[in-house]
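Structure, as structure tokens:
Bear in mind that the values here come from a model prediction, so they are computed numbers and not experimental data. Order of listing sets the numbers, starting from 1, for every ligand and every atom in it. Sequential numbering from 1 along the given sequence is applied to the chain's residues.
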Amino acid sequence: MKHVNVIGAGLAGSEAAWQIAQAGIEVHLYEMRPVKMTDAHHTEDFAELVCSNSLRGNSLANAVGVLKEEMRRLNSVVITSADETAVPAGGALAVDRHAFSGMVTKKVKEHPLVTVFSEEVTTIPEGVTIVATGPLTSEPLAEAIKEFNGSNGFYFYDAAAPIIDKSTIDMDKVYLKSRYDKGEAAYLNCPMNKEEFEAFRDALLAAEVAPLKEFEQEKFFEGCMPIEVMAARGPKTMLFGPMKPVGLEDPKTGKRPYAVIQLRQDNAVASLYNIVGFQTHLKWGEQKRVFQMIPGLENAEIVRYGVMHRNSFMNSPELLEQTYQSKKRSDLFFAGQMTGVEGYVESAASGLLAGRNAVRLIKGEELITLPRETAMGSLAYYITHASGKNFQPMNVNFGLFPEMPERIKDKKTRYEAIANRALEALEKEIEHGL
Ligand code: FAD
């Protein structure tokens, strides 16, 4: 019987290896630590949590809670180990990080169908393979992936503006228009008067910035200036940059506002919008506080905060199938953060699906594309259908799911309905042999 190569025993690789082995297929799992460490990992354990010990919300009232529940129902080693090593954290699922990764390591390593190779992989192997080497993929392999995907197919750092759930924008305060009315009206514009602009700039200048990791210093400002740095350049710098009002007269008044912040559609179904030119390194709590000062965004939900950090990820909309298969080589899968899913749980979820699909490929069965109504399906859909021009990694969030057929105004009720629909859709898939 053929085996599957899994490269990287992080969140995605460990989950993929577990799913494959549990399905009765042999796994060759390659992990370079401790022979070669990354700049963020400190141990040789599998599924090490490099930063926070929280796997975020655990209830069905948030999308990552739905994702976890789906994974539980599919026997995820990451989520069941997290459940078993949980520490008190209110509504979140936080873990004792050493107990958690120790448990994942033990379960995966001791599985009779898993053989572990402690070595750095520098080329993409032949045969059925899942590459899950994460945001800090070692350089030789990153080069090999870049060469395989083509020059625009692999990025090395991430400079992203916050992304907002459209259903939480106050549409009475913003207006739809493109600058100088060129092309179709495509942007949601948030107008500011002089006082609002000045208060906003003051808040930006006073807001706390996230500390940089040592290995991120040199790459950081390449070509992409954070909005807080631009604000500090001078009182009017932003007015000549992303807050430029020219050509954006407010249709309600016919006048040009003092400043305008534009929101650009971020996904094909227009449920998500990003703040144009607002890449930022502010702490997440500060982003919420300051960006909610923008007219129309007072109650906006930021589904993905702005980040600027080292992050190797591929241009998945151009390169991957929803099954996590490479479009160029059907027996090659990618999983984890490098596919443009963002976060521990999302990475593990993509490993789960890639692992199950690798098994199906070996068995000659049809591969799984989960319905978009599920959290796992909506995430796989997003990374393969977002715009390839400015693709940025994404956390799971309710804006990725298809809207409910009926409009549900109350957010809590709406999210509850989406969560229930997701689990029903998953159960149907399980009944049909997922
Ligand atoms: P990883 O978990 O990093 O696993 C990849 C594995 O591949 C590693 O074990 C690595 O040693 C191995 N590897 C790399 N190259 C090779 C090679 N050539 N050969 C063999 N093995 C190799 N997400 C959150 O949800 N919360 C956070 O707090 C958080 N903080 C983060 C902080 C930092 C500094 C970074 C970089 C990311 C953070 N993330 C966070 C994002 C992301 O969720 C994690 O990076 C997550 O670990 C990604 O899972 P993964 O399986 O894709 O990669």
One thing to verify: whether [Y] and [X] come together as a salt bridge, which I'm taking to mean a side-chain N less than 4.0 angstrom from a carboxylate O.
X: K109; Y: E31; result: no
X: K428; Y: E424; result: no
X: K146; Y: E143; result: no
X: R56; Y: E346; result: yes

How does [X] reach ligand 1, by side chain, by backbone, by both or by neither, if only non-hydrogen atoms under 4.0 Å count?
X: L11; result: both
X: T38; result: side chain
X: S347; result: side chain
X: H41; result: side chain
X: T133; result: both
X: A132; result: backbone

Suppose I only count heavy atoms of [X] and a 4.0 Å limit; which atoms of ligand 1 are within that range?
X: V121; value: 17 (C), 18 (N), 19 (N), 20 (C)
X: A12; value: 51 (O)
X: G336; value: 52 (O)
X: L141; value: 18 (N)
X: Q337; value: 41 (C), 42 (C), 43 (O), 48 (C), 52 (O)
X: E120; value: 18 (N), 19 (N)
X: S52; value: 28 (O)

- Do the rings of H28 and H3 sit parallel, tilted or perpendicular, given the 30° and 60° boundaries?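 H28 vs H3 ring planes: parallel.
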- Under 30°, 30 to 60°, or over 60°: which ring-plane class applies to F334 and F148, parallel, tilted or perpendicular?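 If you compare the ring of F334 with that of F148, the planes turn out tilted.
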Any N or O of [X] that comes nearer than 3.5 Å to an N or O of ligand 1?
X: T137; result: no
X: Y344; result: yes
X: A335; result: no

- Item | Any E119 heavy atom less than 4.0 Å to ligand 1 |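 E119 counts as a contact of ligand 1 under the 4.0 Å cut-off.
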Judged on heavy-atom distance to [atom], which of [options] sits nearest?
atom: atom 45 (O) of ligand 1; options: G8, P135, C51, S118; answer: P135
atom: atom 53 (O) of ligand 1; options: S312, S138, G134; answer: G134
atom: atom 11 (O) of ligand 1; options: E346, K36, E31, E44; answer: E31

- Query: Taking all atoms of both residues into account, what is the closest heavy-atom pair of W284 and Y305, and its distance?
  - Reply: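 Minimum heavy-atom separation between W284 and Y305: O-CE2, 3.2 Å.
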- Message: Could you check whether F333 and Y324 have their ring centres less than 6.0 Å apart?
- Response: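 Centroid distance Y324-F333: not below 6.0 Å, so no.
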- Task: Compute the ring centroids of F200 and F197, then answer whether they are less than 6.0 Å apart.
- Result: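 Distance test on ring centres: not under 6.0 Å, no.
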- Query: Less than 4.5 Å apart, any side-chain heavy atom of N299 and any of D170?
  - Reply: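 In short, these two side chains do not touch, never coming nearer than 4.5 Å.
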- Task: Ignoring hydrogens and angles, state whether a donor on the side chain of E228 or T280 is under 3.5 Å from an acceptor on the partner side chain.
- Result: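 Side chains of E228 and T280: pair found under 3.5 Å.
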- Message: Can you pull out every salt bridge (Lys or Arg N to Asp or Glu O under 4.0 Å) where at least one residue sits in residues 91-105? Sequence neighbours excluded, please.
- Response: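 Found none.
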